[in-house]
Amino acid sequence: MESVEPIRLRLFSWWERNSRDLPWRYGRTTPWGILVSEVMSQQTQLSRVVPYWTAWMEAWPDAAALAAAGKAEVITAWGRLGYPRRALRLQECARVVSTEYGDLLPRSYQELTGLPGIGDYTASAVMSFAYGERIVVIDTNIRRVLSRVFLGVESVGGSTTRTERELAQTVLPEDVGSPSGKGRRDSVDGSMQGLSGQEPPVDTKDTGLVGRLGGADDQVRSNAWCEPDSAKWNQGIMELGATVCKAKKPDCQICPLAAHCRFLKAGLPELGMKRTRPRQRFAGTNRQVRGKILQALRESEKGRVDRARIEQVCEDGIQLDLCIASLDEDGLLVIREDGSLELPE
């Protein structure tokens, strides 16, 4: 396999200049804020997540605040992010963090995966992005980039294979020293330091990474502020997959890893031809009907809607009743004796 070092250098240079300026990056939020961003981002475009995350963190900046909120408030604030059960699971997680961990998000993989609704990816992402721990983070974008660059084949999706996990572990950079969380910027760009070894002043007007780092708050920055190489690698590969090395239309002409990409050299074999499963239509699905029911409840003045209004959501009465029952089972609404629906307290 080709040496990882030149690939790492190219990726880091690209990341520092082209990473999207998201409010939970660059040490500007707490580990809890990063967890919230990861839960919200599951199967949801980041551009849609930003306004919801911002409003959410203003309302409930820590686990204790979210734990004390009413269910109706939480469901309403989740808005149209989709998969609203995630909102209640996040609140369940907040209650555990608040009561069992003193409102401090735990640091170990075992403790994180033991929290309600937190799986392998989210736990690994928090450990890497919030705490700067050297750990493999694997999502669809990372799998696709690593498979194309290092193996020269298209990622087939499905469950992560042993080969993919071993590859991710092999190419993950080693970290020099340990994260201190003191806002060290020497990892931003070694070339910025002069011969004297002193850091140049930070220009907060800079559109690159250095300028963004200048806006971080000393009171909330996480240990990932140091941005150890493993965390930068995980974020960089993920960002590259989301913005450049896309599934069906990769923009190889601007890709910083094009010169090292075995997939490009092979002529992009089977590009976008392999999917984990056929794309499911959305119109008319139970998921759409569930979303319409919750939207009607969120938009009502008192969070309550009568049966006649709900029947306008779906012409198929059987499907409507099935969706209402499933929302009730998930704890997302309450069915009253008169048939009306309302958000839970």
Side-chain angles (χ1 to χ4, degrees), residues 1-20 22 25 37-38 41-46 109 113 119-129 133-175 227-280:
M1 185 172 65
E2 184 176 357
S3 172
V4 178
E5 185 62 12
I7 295 175
R8 181 185 69 84
L9 293 176
R10 285 179 175 271
L11 177 70
F12 286 5
S13 178
W14 175 85
W15 161 258
E16 290 158 4
R17 291 165 175 77
N18 297 280
S19 56
R20 289 171 290 181
L22 302 175
R25 286 179 172 172
S37 75
E38 291 298 336
S41 301
Q42 293 168 12
Q43 303 184 62
T44 306
Q45 294 179 342
L46 288 182
Y109 178 87
T113 53
D120 170 76
Y121 165 76
T122 304
S124 300
V126 168
M127 290 184 66
S128 179
F129 307 153
E133 299 291 342
R134 184 179 182 275
I135 186 171
V136 167
V137 178
I138 299 180
D139 78 338
T140 301
N141 289 318
I142 289 179
R143 292 172 64 186
R144 181 169 60 254
V145 174
L146 295 184
S147 180
R148 288 175 175 178
V149 172
F150 292 100
L151 303 180
V153 297
E154 186 66 291
S155 175
V156 298
S159 300
T160 304
T161 66
R162 180 178 178 179
T163 297
E164 289 175 325
R165 190 166 289 278
E166 289 178 347
L167 171 63
Q169 184 66 52
T170 299
V171 300
L172 186 67
E174 296 288 344
D175 294 328
E227 220 172 9
D229 283 357
S230 61
K232 192 187 298 186
W233 173 270
N234 285 330
Q235 293 184 94
I237 291 290
M238 189 181 299
E239 186 82 344
L240 189 68
T243 63
V244 177
C245 190
K246 293 173 282 191
K248 291 187 175 182
K249 295 182 179 180
D251 200 343
C252 301
Q253 293 184 338
I254 65 170
C255 179
L257 307 186
H260 304 274
C261 182
R262 297 179 64 180
F263 188 64
L264 178 60
K265 292 177 181 178
L268 310 180
E270 300 183 312
L271 173 64
M273 294 297 291
K274 297 180 179 179
R275 295 186 59 84
T276 305
R277 55 186 178 276
R279 184 180 297 275
Q280 182 186 25

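Counting begins at 1 with the first residue of the sequence. These numbers come from a predicted model, not from an experiment.
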Requested in this report: For Ser147, enumerate each residue passing the side-chain contact (heavy atoms from CB on, under 4.5 Å) test, keeping only those at least two apart in sequence or located in another chain.
Outcome: Leu151, Val153, Ser155

With rounding to the nearest 0.5 Å, note down the distance linking [atom1] in [X] to [atom2] in [Y].
X      : Y      : atom1 : atom2 : value
Ser19  : Trp14  : OG    : CH2   : 7.5 Å
Leu167 : Leu146 : CG    : CG    : 5.0 Å
Leu172 : Asn234 : CG    : CG    : 5.5 Å
Ile138 : Gln169 : CD1   : CD    : 9.0 Å
Met238 : Phe129 : CE    : CZ    : 4.0 Å
Trp15  : Ile237 : CH2   : CD1   : 11.0 Å

Check: [Y] and [X] side chains under 4.5 Å, non-hydrogen atoms:
X      : Y      : answer
Leu240 : Cys255 : yes
Tyr109 : Asp120 : yes
Leu268 : Cys252 : yes
Phe263 : Val149 : no
Glu239 : Arg25  : yes

Apply side-chain hydrogen bond (donor to acceptor under 3.5 Å, both in side chains) to [X] and list each qualifying residue two or more places apart in sequence or on a separate chain.
X      : result
Ser13  : Arg17
Asn141 : Arg144
Asp251 : none
Thr44  : Arg86

Could you work out, with salt bridge (charged side-chain N to carboxylate O under 4.0 Å, His left out) as the rule, every residue matching [X], not counting sequence neighbours?
X      : result
Glu38  : none
Arg134 : Glu174
Arg8   : Glu5, Asp229

**Report entry** The single option from Arg143, Arg262, Arg148 passing salt bridge (Lys or Arg N to Asp or Glu O under 4.0 Å) against Glu154
**Finding:** Arg148

[X] to [Y] - nearest heavy-atom pair and separation:
X      : Y      : answer
Ser230 : Ser128 : O-OG, 4.4 Å
Ser41  : Leu46  : OG-CD2, 3.1 Å
Ser124 : Val137 : O-CG2, 3.6 Å

Query raised in the report: Between Phe12 and Trp233, what is the ring plane arrangement, given parallel below 30°, perpendicular above 60°, and tilted in between?
Result: perpendicular

Query raised in the report: Are Ile7 and Phe150 close enough, and set up right, to give a side-chain contact (heavy atoms from CB on, under 4.5 Å), and what steps lead you there?
Result: CA-CA 10 Å; Ile7 295 175; Phe150 292 100; 3.6 Å; yes

